[in-house]
Colleague: 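Before I ask anything, here is the structure I am working with.
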Amino acid sequence: MSDSRLGPAFLRAGSSSFADFLGEQAPGLLPSRRSLPEGNAADLAPHGTTIVAATFPGGVLMAGDRRATMGNIIAQRDIEKVFPADEFSCVGIAGTAGIAVEMVRLFQTELEHYEKIEGTTLSMDGKANRLAALIRGNLGMAMQGLAVVPLFAGYDLNADQGRIFSYDVTGGRYEETAFHSVGSGSLFARGSLKKLYREDLDAEGCVTAVVQALYDAADDDSATGGPDVARRIFPVVGVITSHGYRRLPDTEVAAVADRVIAARMNRPDGPSAPLT
Amino acid sequence: MSMPFYVSPEQLMKDRADFARKGIARGRSLVVVQYADGIVFVSENLSQALHKVSEIYDRIAFAAVGRYNEFENLRIAGVRLADMRGYAYDRRDVTGRGLANAYAQTLGTIFSSGGEKPYEVELFVAEVGDTVADDSIYRLTYDGQVADEHGYAVMGGLAEPATTYLREHYVTGASLEDAVRTAVQALGQGESETRVIPSTNLEVAVLDRTRTQQRKFKRLTGGQLGEILGNGGGPGEDPGAGPGASAAPTGPDDPTDPTDTVSDVPPLENPVTGEPTDPPVAPPAS
């Protein structure tokens with residue numbers, strides 16, 4: 001890259017995919033083109049855990065706890081796992097943090113690159129498929145313990161609604177309705193949301209529901225971090241509407257989290273849902 | 001076996017320069033102007049889909065006149081280079097200067113190599129900084145020369161009258177509205193008369209340092225532009241009523257014209273038969 005002249009590869013007609021271009025020109029920079037020695041590398045790098053996403057009329061939101069673990073050690077208390085992918089979509093990561101963050105960076109560049117070259121953005125399904133392709137390339141590493149399982153959410157400007165996509169390590173892409181969660185605490189978060197989520201929740205109600213779900217995930221999963229009251233570290237919440245992506249300011253999330261914690265002082269298991 | 005003609009290097013370069021310059025002169029002009037909050041690009045462009053001004057990276061934009069396929073090629077190369085650098089290092093490491101340098105090397109090599117026809121393009125690479133003093137505008141010519149521009153700059157067909165107009169009317173630190181109006185008026189300057197360009201025939205884009213997003217590039221279209229220009233025309237005038245409004249070509253692009261847009265300079269060769277028009281121009285030496 002020290003050669004300042006735009007070589008023939010830059011001037012050649014080609015696809016509008018940045019990942020494809022990188023694969024031809026600098027394959028070493030692709031997160032998926034690494035060869036790993038034999039063995040399981042799962043405990044070598046920090047892991048991110050629980051991400052939840054839920055739709056509400058007029059948008060979708062995604063929230064992630066802040067804990068990264070390495071085996072039984074807490075590697076980081078304020079890691080970020082929810083990132084804007086472009087103006088109208090975001091991606092949350094669970095799994096090996098290093099590779100996941102790299103994949104997010106590649107995905108962000110991929111979407112922006114397409115937008116600049118083509119003069120228009122990819123469709124929501126197009127974005128979801130591109131992410132699937134990036135994950136598929138990572139299968140080899142996933143089998144050696146370095147798996148990345150993202151959750152993708154965005155506002156579909158054509159359909160005028162929020163949409164959520166989940167993935168498996170082979171790049172399988174599944175559209176979810178209403179809400180979904182990934183990561184080690186996802187079983188608990190999903191159970192919690194199942195009881196609390198209603199289709200008519202507005203954005204504020206939805207934020208409370210996902211913070212409750214993350215609290216429940218942290219309550220039962222040691223790898224998921226709860227709200228850190230002493231350090232004032234609270235989940236990252238991103239909200240996407242027709243106006244685009246907005247990360248909720250810490251003060252707003254803190255207020256919701258404080259309310260949730262206060263209520264848990266009286267009812268440690270959280271709000272009750274009616275039996276029938 | 002035929003004997004190759006001897007052409008002196010001076011003559012060779014001159015012929016190639018003439019060829020490139022004539023190609024560029026057929027396109028319509030493009031104006032870049034610094035204003036208080038950034039840099040604005042204004043060009044006359046009848047096409048809604050084929051852009052002369054585009055985003056390259058967060059703070060960097062690209063503008064060009066000349067042969068469309070050639071500058072589009074350079075634009076895509078620039079986006080690839082910028083995205084690759086930003087991904088390999090960091091977003092802050094992608095600079096306008098680095099990009100201008102890459103373009104200069106590329107254009108320079110193509111111009112002086114005997115094998116390729118020189119590109120018939122002229123480019124601006126502009127980068128918006130945190131303050132007006134940090135803004136930079138680079139002009140790149142077909143032969144790989146780089147110039148650092150300040151305040152305003154014009155390239156393309158009728159660049160001279162527009163430059164003269166801007167020299168007299170450019171104000172440092174103007175508002176966006178004033179800057180766009182001045183730029184549009186500058187583009188309307190002909191060799192003898194002025195015309196009013198309707199806002200539908202304009203392509204306007206800004207690098208706006210006040211945008212909260214990381215990406216500072218924005219197009220001004222439709223209503224927004226009409227508001228600035230006072231509904232579809234120049235400064236409060238009916239597009240058709242201005243003196244000499246019909247003096248310059250305003251019709252749709254002629255698809256047989258090899259450059260991006262038509263102008264009143266005749267093409268070098270008949271676009272259908274490929275025969276040189278009168279007077280014949282020396283072809284690029286091979």
Side-chain angles (χ1 to χ4, degrees), chain A residues 1-33 83-88 90 101-121 130 134 240 243-247 249, chain B residues 47-51 53-58 60-62 69-91 93-95 97-110 113 116 119 140 144 146 203 205 211-215 217-219:
Chain A
M1 223 168 297
S2 53
D3 182 12
S4 62
R5 196 200 154 175
L6 295 162
F10 288 90
L11 294 163
R12 194 183 302 138
S15 84
S16 29
S17 162
F18 178 70
D20 289 358
F21 180 70
L22 205 60
E24 286 164 23
Q25 292 310 306
L29 291 175
L30 280 179
S32 55
R33 294 279 182 92
F83 303 92
D86 66 358
E87 204 180 338
F88 293 101
C90 70
V101 169
E102 216 176 323
M103 201 180 280
V104 167
R105 253 161 56 78
L106 181 60
F107 184 51
Q108 286 168 331
T109 312
E110 175 85 4
L111 297 187
E112 192 187 317
H113 189 79
Y114 183 93
E115 191 184 326
K116 287 188 288 196
I117 300 273
E118 298 287 329
T120 176
T121 53
R130 281 314 298 167
L134 298 183
I240 307 167
H243 299 296
Y245 176 88
R246 182 174 85 102
R247 181 182 161 168
Chain B
S47 168
Q48 299 296 309
L50 307 176
H51 296 301
V53 187
S54 315
E55 172 188 13
I56 297 274
Y57 210 64
D58 295 351
I60 305 170
F62 169 98
N69 70 315
E70 292 178 351
F71 69 67
E72 175 69 2
N73 207 9
L74 289 169
R75 179 185 78 87
I76 288 174
V79 171
R80 284 174 175 164
L81 181 77
D83 279 345
M84 185 127 144
R85 277 213 182 139
Y87 179 72
Y89 303 124
D90 187 78
R91 296 192 83 93
D93 298 314
V94 181
T95 62
R97 205 178 61 85
L99 194 68
N101 200 21
Y103 280 139
Q105 300 290 337
T106 309
L107 286 167
T109 313
I110 291 168
S113 81
E116 257 178 290
Y119 273 22
L140 293 124
V146 199
E203 181 184 353
R211 265 170 82 86
T212 47
Q213 290 94 324
Q214 202 167 25
R215 294 160 70 183
F217 182 84
K218 196 175 82 174
R219 290 188 190 284

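Since the model is a prediction, treat every value here as computed from it, not as a measurement. All chains are named by letter (A, B, ...) in the order of the sequence lines, taking the proteins before the strands, and each is independently numbered beginning at 1.
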Colleague: Before we go on, tell me: are the rings of F107(A) and F83(A) under 6.0 Å apart, centre to centre?
Modeller: no

Colleague: Do any N or O atoms from the side chain of E203(B) and from the backbone of H51(B) form a donor-acceptor pair under 3.5 angstrom?
Modeller: no

Colleague: Check each atom of T109(B) against the heavy atoms of chain A and say whether the ones under 4.5 Å are side chain, backbone, both or neither.
Modeller: side chain

Colleague: Heavy-atom pairs under 4.5 Å with chain A are the metric here; pick the option from I56(B), L74(B), L99(B) that has the most.
Modeller: I56(B)

Colleague: Just say parallel, tilted or perpendicular for the rings of F18(A) and Y87(B), cut-offs at 30° and 60°.
Modeller: perpendicular

Colleague: What part of E102(A) gets within 4.5 angstrom of chain B, counting heavy atoms only: side chain, backbone, both, or neither?
Modeller: both

Colleague: Side chain, backbone, both or neither: which part of R219(B) has a heavy atom under 4.5 Å from chain A?
Modeller: neither

Colleague: Side chain from CB out, backbone as N, CA, C, O: work out which of these in Y57(B) comes under 4.5 Å of a heavy atom of chain A, or both, or neither.
Modeller: both

Colleague: Would you please indicate yes or no on a ring centroid separation below 6.0 angstrom for F71(B) and Y119(B)?
Modeller: no

Colleague: Would a 4.5 Å heavy-atom cut-off, applied to side chains only, mark E115(A) and R215(B) as touching?
Modeller: yes

